[in-house]
Amino acid sequence: MRVWSIANQKGGVGKTTSVVTLGGLLGERGERVLLVDLDPHGSLTSYFKLDPDSLEHSMYQLFFDDNCKDRDYIGQVIRPTSLPNVHLLPAATSLATLERQVSGQEGMGLVLSRSLAQVWDEYDYALLDTPPILGVLMVNALAACQRLVIPTQTEHLAMKGLERMVHTLQMVMKSQRRQLPYTIVPTMFDRRTSASVITLKEMRQIYRTNLAAEPIPVDTRLRDASHEGVFPHQLGEESRGLRVYRHLLTALDHDVERTSQHA
Ligand SMILES: Nc1ncnc2c1ncn2[C@@H]1O[C@H](COP(=O)(O)OP(=O)(O)O)[C@@H](O)[C@H]1O
Ligand SMILES: [Mg+2]
């Protein structure tokens, strides 16, 4: 299984949209995909019309009673989506209280890794939607993944958030003593506004090798898909945003092969 985290400590940058769109495209080509919601807001969970306020089984319960080692229990947590080969491990809003409950307890950073180990052969990809704070959930995501995708809005204020995210990543890599390849993905790019154009140029100067080749454009079809609770490619129209996400997926897959050859 390939495990990718989609992360940025800033909200509203396109994390959940990227998880859904990339997950859908993987599903379209027949991959078995698990989408994991680690955000207490539960946007990914709500996307598929589940209510994160009232879920009985969710990511939250995996942190208790050794549930993360229980394949049968994890099977109860995982839910279907609008594609048969793409599943969802939902979040509950109770995740917001997790920090307080488990802080200082041994092994809490590895709950997701242990859960994924239980279903390792059942999926080809797991995509992790992460919360905007560096707490126990983000630590779980970073420990479980082999690659990081960092969506960043193409506006000046987002550059600060990006700087912070890359800094966090470097700290975590140091403490875990490993390298985590990452790709910064400029999102909501509007080539008619100078703010977008200038920010993209700045990103290219600063982050060069870690930057996706093409920015994801503003695309209202991505929003339409989220209203309907389906994957963007299921709307039956190849919008501009979807096309760029396809290119991004090809590049990410290619990059994995390249880095594993070097390993
Ligand atoms: N490329 C895009 N074009 C237009 N709207 C987008 C695009 N990407 C995301 N959005 C919209 O922007 C909002 C925030 O995106 P979301 O993926 O929820 O961000 P995050 O998960 O980082 O908080 C959502 O309403 C989403 O539909
Ligand atoms: Mg989100």
Side-chain angles (χ1 to χ4, degrees), residues 1-9 11 15-16 19-20 23 32-81 86-148 165 168-169 171-173 175-178 180 229:
M1 174 157 63
R2 287 175 176 178
V3 185
W4 297 349
S5 281
I6 319 298
N8 190 326
Q9 283 150 287
K15 289 187 291 292
T16 302
V19 168
V20 171
R32 300 164 304 165
V33 185
L34 182 64
L35 308 179
V36 181
D37 195 352
L38 292 166
D39 187 349
H41 289 125
S43 318
L44 180 63
T45 301
S46 311
Y47 193 106
F48 296 104
K49 313 286 184 208
L50 292 174
D51 179 8
D53 281 325
S54 63
L55 277 177
E56 196 185 331
H57 305 293
S58 73
M59 187 68 218
Y60 177 76
Q61 280 77 18
L62 297 180
F63 281 85
F64 303 94
D65 306 325
D66 272 345
N67 284 337
C68 65
K69 296 178 189 158
D70 182 345
R71 168 67 190 86
D72 291 337
Y73 185 74
I74 295 167
Q76 281 184 62
V77 178
I78 292 175
R79 307 289 285 255
T81 68
V86 181
H87 298 163
L88 171 71
L89 203 165
T93 39
S94 47
L95 278 173
T97 64
L98 195 65
E99 207 72 48
R100 200 158 21 89
Q101 288 175 284
V102 304
S103 75
Q105 281 182 42
E106 195 79 19
M108 283 300 139
L110 294 174
V111 167
L112 180 61
S113 302
R114 292 191 176 124
S115 307
L116 293 179
Q118 294 294 326
V119 294
W120 198 261
D121 297 326
E122 297 172 49
Y123 295 99
D124 302 303
Y125 287 83
L127 303 188
L128 318 179
D129 193 4
T130 62
I133 37 166
L134 179 68
V136 67
L137 289 158
M138 181 71 117
V139 168
N140 267 271
L142 294 176
C145 72
Q146 306 132 6
R147 150 167 300 274
L148 197 67
M165 184 64 228
T168 299
L169 178 64
M171 257 168 33
V172 171
M173 288 197 296
S175 76
Q176 295 185 353
R177 294 191 188 82
R178 64 177 188 138
L180 205 52

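Every heavy atom of this structure was used, including side-chain atoms; hydrogens, water molecules and symmetry mates were not. Residue numbers run from 1 in the order of the sequence given.
Of the inter-residue distances, the one linking Leu116 atom CG with Leu110 atom CG reads 11.5 Å to the nearest 0.5 angstrom. Taking CD of Glu99 as the start and CE of Met108 as the end, the distance is 12.0 Å to the nearest 0.5 Å. Between the NE2 atom of His87 and the CZ atom of Arg79 there is a distance of 12.0 Å, given to the nearest 0.5 Å. Interatomic distance, OG1 of Thr168 versus CG of Leu148, reported as 10.5 Å (0.5 Å rounding). For the atom pair Ile133 CD1 and Asp39 CG, the distance stands at 8.5 Å (nearest 0.5 Å). Atom CD1 of residue Ile78 and atom CG of residue Leu88 lie 9.0 Å apart, to the nearest 0.5 angstrom.
In this structure a side-chain-to-backbone donor-acceptor pair under 3.5 Å is missing from Asp65 to Asn67. Of the possible polar contacts, none joining the Gln118 side chain to the Asp70 backbone as a donor-acceptor pair under 3.5 Å is found. Distance alone, capped at 3.5 Å, is enough to place a donor-acceptor pair between the Thr93 side chain and the Pro52 backbone.
Leu95 approaches Asp37 most closely through the heavy-atom pair CD1-O, 4.3 Å. Closest non-hydrogen pair, Cys145 versus Leu128, comes out as CB-CD1, 4.3 Å. Pairing each heavy atom of Ser5 with each of Leu142, the nearest pair is OG-N, 4.4 Å. Taking both residues in full, the closest heavy atoms of Tyr60 and Ser94 are given as CG-OG, 3.3 Å, listed atom of the first, atom of the second, then distance. When all heavy atoms of Ile74 and Val119 are compared, the pair lying nearest together is CG2-CG1, 4.2 Å. The nearest pair of heavy atoms linking Lys15 to Asn8 is NZ-O, 3.2 Å.
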>> Before you tell me yes or no, could you show the steps for Val3 and Trp120 under side-chain contact (heavy atoms from CB on, under 4.5 Å), namely the whole-Å CA-CA distance, both residues' side-chain angles and the distance that decides it to 0.1 Å?
In response: CA-CA 10 Å; Val3 185; Trp120 198 261; 4.0 Å; yes

- Assess whether side-chain contact (heavy atoms from CB on, under 4.5 Å) is satisfied between Met138 and Val172, documenting all intermediate values. CA-CA 10 Å; Met138 181 71 117; Val172 171; over 6 Å; no

Would you check, one step at a time, whether the test side-chain contact (heavy atoms from CB on, under 4.5 Å) holds for Val77 with Gln61? CA-CA 9 Å; Val77 178; Gln61 280 77 18; 5.7 Å; no

| Test log, rule side-chain contact (heavy atoms from CB on, under 4.5 Å), inputs Tyr125 and Val86 | CA-CA 10 Å; Tyr125 287 83; Val86 181; over 6 Å; no

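For the salt bridge (Lys or Arg N to Asp or Glu O under 4.0 Å) condition, the pairs that include at least one residue of residues 119-138, sequence neighbours left out, are Arg32-Asp124, Arg71-Glu122.
Contact of the Tyr47 side chain with the Val19 side chain is not registered, since no non-hydrogen atoms from C-beta on lie closer than 4.5 Å. Contact check for Phe64 versus Leu98: side-chain heavy atoms found under the 4.5 Å cut-off.
The neighbour count for Gln105 CD, taken as heavy atoms of other residues, nucleotides or ligands under 6.0 Å away, is above 12.
With sequence neighbours left out, His57 forms a ring-ring contact (aromatic ring centres under 6.0 Å, His included) with Tyr73.
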